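Right, one structure below, let's go through it.
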Amino acid sequence: MSQSAIAVTVKLFAAYQEVCGVSELVLDLSDGTPVKAVCDRLIAEHPELSKWRELTRFGINFQFVEPDTILQNGDEVVLIPPVNGG
């Protein structure tokens, strides 16, 4: 039995936006994918982001969520690395 595919929009900020060179991506993922897999995929493509893996918070549809939260088709995901203020 093949897994269904879902599409999510990923909004990138700070270091993620700088490294990826865009503010938004649309990713096709397998049904049942947790939000942390989006971060893992970007780190696999851009290893320099690995230092942010444990510090990044996740949001889905304007709500903070746990890394193991399962994504749904059409979700809007945000990856929120730590920011410095002054």
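Along the sequence shown, residues are numbered consecutively beginning with 1. Keep in mind that what you see is a predicted model, and the values were worked out from it rather than measured.
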> What do the steps show when you test L42 against L12 for side-chain contact (heavy atoms from CB on, under 4.5 Å), and what is the final call?
Replying inline: CA-CA 10 Å; L42 291 178; L12 302 173; 3.7 Å; yes

> Going through the distances and angles, do D68 and K36 end up as a side-chain contact (heavy atoms from CB on, under 4.5 Å)?
Replying inline: CA-CA 6 Å; D68 292 327; K36 68 181 175 185; 2.8 Å; yes

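Other residues, nucleotides and ligands place more than 12 heavy atoms under 6.0 Å from the CD atom of E45. Counting non-hydrogen atoms of neighbouring residues, nucleotides and ligands closer than 6.0 angstrom, the CD atom of E48 exceeds 12 such neighbours.
With K11 as reference, V78 is the one residue of L79, V78, I80 to meet the side-chain contact (heavy atoms from CB on, under 4.5 Å) rule. Checking each of V65, L71, T9 against V77 for a side-chain contact (heavy atoms from CB on, under 4.5 Å) leaves exactly one that passes, namely L71.
Taking each heavy atom of P67 and P34 in turn, the nearest pair found is O-CB, 3.7 Å.
In the hydrophobic cluster analysis, where Ile, Leu, Val, Met, Phe, Trp and Tyr join through side-chain heavy atoms closer than 4.5 angstrom, V22 is grouped together with I43. One hydrophobic cluster holds both L25 and I60 under the rule that ILVMFWY side chains link at heavy-atom gaps under 4.5 Å. Cluster membership for V38 and F58, using ILVMFWY side-chain heavy atoms within less than 4.5 angstrom, is shared.
Atom CD of residue E24 and atom CZ of residue F13 lie 9.5 Å apart, to the nearest 0.5 angstrom. In this structure, CD1 on I6 lies 9.0 Å from CG on D28, to the nearest 0.5 angstrom. Within the model, atoms CZ of R57 and SG of C39 stand 14.0 Å from one another, a figure rounded to the nearest 0.5 Å. The distance from the CZ atom of R41 to the CG atom of L49 is 14.0 Å, given to the nearest 0.5 Å. To the nearest 0.5 angstrom, Q72 atom CD is 7.0 Å from D31 atom CG. Distance check, rounded to the nearest 0.5 Å: CG of L29 to CG of D75 gives 10.0 Å.
Here the side chains of W52 and Y16 are in contact, with some heavy-atom distance below 4.5 Å.
Listed for the N73 side chain is a donor-acceptor partner under 3.5 Å among the backbone atoms of A7.
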